[in-house]
Amino acid sequence: MNRVVISASGLFTAPHIISNEELVASYNAFVGQFNEANATSIAAGEVDALEESSVEFIEKASGITRRYVMDRAGVIDPQRMRPKFTPRTNEQLSLQAEMAVAAGGEALAAAGRAASDVDAVICAASNMQRPYPAMAIEIQRALGISQGYGFDMNVACSSATFALELAVNAVRCDTASTVLVVNPEICSAHLAWQDRDCHFIFGDVCTALVVERLETAISNKAWEVLGSKLATRFSNNIRNNAGFLSRCEDRDPTDRDQLFVQEGRRVFKEVCPMAAEHITGHLASLDLTPAQVRRFWLHQANLAMNQLIGRRLLGREATADEAPVILDEFANTASAGSIIAFHRHSADLAAGDLGVICSFGAGYSIGSLVVRKVS
Ligand code: CO8
């Protein structure tokens, strides 16, 4: 069995920023228009008036201050409130593939790897812009990778960590030598921007990681993967019912359940203990304890959630150095969150330092990797 490293990472940041102030101004304009248009029905008690959103609530409840998005104008237009993308022909690179090629190219360059070294591409994200042909195969071609295979996979917020486990096992068992994992998350396209409970939650981004054999890795920033652990437990608390059967069920595409829906409080209560126990159990299986871990790159959904998990792991508040936060800047970017934290906050650590990458989210699904800095 080969020893395996994550040898480099890459990040594509979506081109537009929406601050909480801008988001709330647009949402509140929408509320004003809705309440005015429905004044009679509201007065008759037939329709509930919508309540305004607030920057203070968003920052206190989530820790998010802004988000990057692929399209800004469509999202903050109170008449539209969803991104607007120009359709591309089948011959053009698709939007998610374009993001992945940018992040993937950066990761390969950082790893010192050429397209000819890569023999597998896994495109893992919460939403795919089409069912087939696989985005991963398109990315493979666009990056000039002429050998090996590519496939897409979706485990919602745990897509990246579940893909990493597959990549690590492929390299460990010699079915691939260098795997590129990419996570193009366009969460803005599946977010109900008209829903006050969740309109502030998500942002867009793409992360990429290169997984290869320790003994042949060139990068001096590699992290050896000591172990990976996946877990799932069914829950309806985060759900999206949009799918290829929607058309045949005569569903209205604007039905609320055709977008992201969650019971945020329940998710918070149920997932925090699961994630903390998962990480502690994973470390114990490697004869390690949370106190020995230099850094936790946790899923980035909610600041209070990560603080609670930190307390459960360490018996005290985790510092920003121990559990870095990126969701203030990026918001929740589904499976990419823990990988952005890793990308931004791993170069400063020393050889031998231990870290844990951990995602948690819809499914429920939890995925963790315990890693050690090589040099
Ligand atoms: N402005 C002002 N007030 C508000 C707003 C707002 N925008 N929204 C709600 N309120 C009010 C409510 O009406 C409520 O008022 P009252 O007390 O009078 O009833 C009060 O504020 C409190 O509301 P909540 O209980 O809903 O607020 P919370 O404190 O629970 O915070 C959060 C809400 C931030 C959603 C929080 O519960 C949370 O973050 N939970 C964890 C969620 C989580 O981790 N989810 C993971 C989902 S991501 C994932 O798995 C990937 C899925 C795939 C992604 C697909 C792309 C879209």
Side-chain angles (χ1 to χ4, degrees), residues 1-11 96-97 100-101 103-126 128 134-140 143 145 147-185 206-219 221-231 282 297 299 334-340 342-343 346 355-359 365-372 374:
M1 298 267 226
N2 298 314
R3 290 172 69 182
V4 182
V5 292
I6 297 172
S7 56
S9 55
L11 176 69
Q96 277 185 303
V101 165
E106 182 183 303
L108 289 174
R113 287 292 168 207
S116 54
D117 297 320
V118 180
D119 49 8
V121 177
I122 306 177
C123 178
S126 302
M128 297 293 170
M135 224 75 66
I137 305 174
E138 191 186 3
I139 296 160
Q140 178 190 24
L143 285 170
I145 301 164
Q147 59 287 322
Y149 60 92
F151 62 89
D152 296 346
M153 56 176 278
N154 176 356
V155 196
C157 282
S158 290
S159 298
T161 52
F162 276 52
L164 276 172
E165 153 131 332
L166 297 187
V168 167
N169 286 340
V171 175
R172 224 187 262 302
C173 302
D174 255 339
T175 58
S177 66
T178 302
V179 185
L180 179 65
V181 175
V182 288
N183 320 105
E185 294 284 10
C206 182
T207 47
L209 294 165
V210 178
V211 175
E212 58 182 309
R213 287 165 63 176
L214 169 71
E215 61 177 10
T216 50
I218 308 161
S219 162
K221 290 181 184 158
W223 289 81
E224 180 171 7
V225 180
L226 303 183
S228 54
K229 183 176 162 73
L230 312 182
H282 188 187
W297 299 284
H299 180 56
S335 76
S338 59
I339 311 300
I340 305 172
F342 173 80
H343 176 81
S346 53
V356 173
I357 300 171
C358 184
S359 67
S365 58
I366 304 185
S368 59
L369 289 100
V370 178
V371 294
R372 182 170 54 208
V374 176

Could you state the interatomic distance from [atom1] ([X]) to [atom2] ([Y]), rounded to the nearest 0.5 Å?
X    : Y    : atom1 : atom2 : answer
E212 : L180 : CD    : CG    : 11.0 Å
K229 : L369 : NZ    : CG    : 12.5 Å
N2   : D174 : CG    : CG    : 4.5 Å

Any luck finding a side-chain donor-acceptor pair between S159 and S335 under 3.5 Å? no
With D119, which residues qualify under salt bridge (charged side-chain N to carboxylate O under 4.0 Å, His left out), at least two apart?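 Partners of D119 by the salt bridge (charged side-chain N to carboxylate O under 4.0 Å, His left out) criterion come out as none, since no residue qualifies.
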Using the test salt bridge (charged side-chain N to carboxylate O under 4.0 Å, His left out), find all partners of E138 that sit at least two apart in sequence or belong to another chain. R130
How would you list, by chain and number, every residue that makes a side chain to side chain donor-acceptor pair (under 3.5 Å) with [X], sequence neighbours excluded?
X    : value
Q140 : none
S365 : S158
T207 : N183

Quick one, F342 with I6, criterion side-chain contact (heavy atoms from CB on, under 4.5 Å). Give me CA distance, side-chain angles, the key distance, then yes/no. CA-CA 11 Å; F342 173 80; I6 297 172; 4.1 Å; yes
Kindly indicate whether the side chain of [X], heavy atoms from C-beta on, has any atom under 4.5 Å from the side chain of [Y].
X    : Y    : value
W297 : V371 : yes
L164 : V225 : no
I122 : F151 : yes

Output every pair passing side chain to side chain donor-acceptor pair (under 3.5 Å) with a member in residues 163-172, not counting sequence neighbours, ordered by first then second residue.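 As it turns out, the side chain to side chain donor-acceptor pair (under 3.5 Å) pairs with a partner in residues 163-172, which skip direct neighbours, are E165-S228.
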Could you tell me whether a side-chain N or O of [X] sits under 3.5 Å from a main-chain N or O of [Y], the two making a donor and an acceptor?
X    : Y    : value
E185 : S126 : yes
E224 : R372 : no
S219 : S7   : yes

